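This structure is a prediction, so every number in the text was calculated from the model and none was measured. Residue numbers start at 1 and run along the sequence shown.
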Amino acid sequence: MSRAWLILWALVVYQVAAWAFAPQKAAQPATPVDGPGYGSNEAIFVDGRARTRSSAAQAFDLPYGSRCAGEGRKQFISSVGGYYYRRQNETERYPETFGKPGADYIAKQWVTGEDKRIERLTQEAYAQGYLQPSDFDNVARKMVEAIVRNERITVRSCAS
């Protein structure tokens, strides 16, 4: 009887070891699809983009003095950062998911008049010293750096 248990135990250990040390198949990335460049939930994302733009625009409407410290600064950086995070993330993800149609589609979605206004206000805030690319996380920072690349800081409004 003990020999049967020993053989059963050895088979179980062998099976567990085989599962644990077996090479894993690499996950295959989804292949981009040819189509409209967006998914079936795009209406939700369009609404989200509008709300993100509105939040960023409201942040630039806050008093200039509140941009330097305290809750006003947190709100300003959070709203502007949220806008650029979403914009950069969608700019990277749509081509991965939907291929060239997705890249073309999302590029058109982020060139509205409101987007141009936010870019201009970001450049002005950077030049006046109210924000720096280092204020944002890595995703948002990529887009902010691209927006302020040709700007130079003329005033250090928050340096005190």
Side-chain angles (χ1 to χ4, degrees), residues 20 22-160:
Q24 299 293 321
K25 291 182 181 177
Q28 296 294 328
T31 56
V33 296
D34 290 332
Y38 54 86
S40 59
N41 294 333
E42 187 59 23
I44 296 167
F45 296 120
V46 169
D47 183 54
R49 276 183 220 112
R51 283 184 276 122
T52 301
R53 284 182 187 104
S54 175
S55 177
Q58 289 173 0
F60 284 110
D61 290 340
L62 294 172
Y64 284 81
S66 70
R67 295 179 181 184
C68 292
E71 283 300 313
R73 175 142 182 94
K74 285 182 187 175
Q75 183 180 358
F76 177 68
I77 296 299
S78 175
S79 296
V80 174
Y83 169 81
Y84 284 112
Y85 178 92
R86 181 180 195 131
R87 185 172 167 178
Q88 179 66 32
N89 190 44
E90 288 186 357
T91 300
E92 292 174 357
R93 299 300 157 251
Y94 272 66
E96 287 177 0
T97 306
F98 303 108
K100 180 155 175 35
D104 295 342
Y105 171 78
I106 204 62
K108 290 177 186 171
Q109 297 302 303
W110 288 108
V111 293
T112 67
E114 190 69 11
D115 294 316
K116 295 296 183 190
R117 177 177 178 261
I118 292 169
E119 287 176 12
R120 182 182 49 78
L121 291 171
T122 301
Q123 291 165 343
E124 289 175 6
Y126 174 77
Q128 295 169 357
Y130 289 111
L131 61 81
Q132 303 172 32
S134 62
D135 293 333
F136 305 101
D137 67 15
N138 289 335
V139 176
R141 184 178 305 136
K142 287 182 199 177
M143 185 64 68
V144 172
E145 286 173 345
I147 299 297
V148 301
R149 180 169 289 130
N150 296 325
E151 298 297 317
R152 63 183 184 96
I153 298 174
T154 56
V155 179
R156 300 228 183 250
S157 299
C158 290
S160 52

Identify the heavy atoms of [X] and [Y] that sit nearest to each other, and give their distance.
{"X": "Val148", "Y": "Pro133", "value": "CG2-CG, 4.1 Å"}
{"X": "Glu92", "Y": "Glu96", "value": "O-CG, 3.4 Å"}
{"X": "Val80", "Y": "Ala59", "value": "CG2-CB, 4.2 Å"}
{"X": "Ile106", "Y": "Thr91", "value": "CG2-CA, 4.1 Å"}
{"X": "Ile118", "Y": "Ala56", "value": "CD1-CB, 3.9 Å"}
{"X": "Lys108", "Y": "Val111", "value": "O-CG2, 3.3 Å"}

Of all pairs that satisfy ring pair (Phe, Tyr, Trp, His ring centres under 6.0 Å), the ones with a partner from residues 35-54, not counting sequence neighbours | Tyr38-Tyr105
Using a strict threshold of under 4.0 Å (side-chain N to carboxylate O), is an ion pair present between [Y] and [X]?
{"X": "Asp115", "Y": "Arg86", "value": "no"}
{"X": "Arg120", "Y": "Glu151", "value": "no"}
{"X": "Arg149", "Y": "Glu145", "value": "no"}

Is any side-chain heavy atom of [X] closer than 4.5 Å to a side-chain heavy atom of [Y]?
{"X": "Thr112", "Y": "Arg53", "value": "yes"}
{"X": "Phe60", "Y": "Ser79", "value": "no"}
{"X": "Phe136", "Y": "Lys142", "value": "no"}
{"X": "Tyr94", "Y": "Glu90", "value": "yes"}

Quick one: does [X]'s side chain have a donor or acceptor within less than 3.5 Å of a partner on [Y]'s backbone?
{"X": "Ser157", "Y": "Gly129", "value": "no"}
{"X": "Arg73", "Y": "Arg67", "value": "yes"}
{"X": "Ser55", "Y": "Arg51", "value": "no"}
{"X": "Ser54", "Y": "Ala50", "value": "no"}
{"X": "Asp47", "Y": "Ile44", "value": "no"}

Say you draw a straight line from [atom1] of [X] to [atom2] of [Y]; how long is it, rounded to the nearest 0.5 Å?
{"X": "Thr154", "Y": "Tyr126", "atom1": "OG1", "atom2": "OH", "value": "10.5 Å"}
{"X": "Thr52", "Y": "Glu114", "atom1": "OG1", "atom2": "CD", "value": "11.5 Å"}
{"X": "Asp137", "Y": "Ile77", "atom1": "CG", "atom2": "CD1", "value": "11.5 Å"}
{"X": "Gln109", "Y": "Arg87", "atom1": "CD", "atom2": "CZ", "value": "12.0 Å"}

Excluding sequence neighbours, so at least two apart, what forms ring pair (Phe, Tyr, Trp, His ring centres under 6.0 Å) with Tyr130?
->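 Listed in chain order: Tyr64.
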May I ask you to check whether Tyr83 and Thr122 show a side-chain donor-acceptor distance below 3.5 Å?
-> no
Would you kindly say whether Gln123 and Glu119 are connected by a side-chain donor-acceptor distance under 3.5 Å?
->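 No - no donor-acceptor pair under 3.5 Å links their side chains.
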Within 6.0 angstrom of Asp61 CG, more than 12 heavy atoms from elsewhere = yes
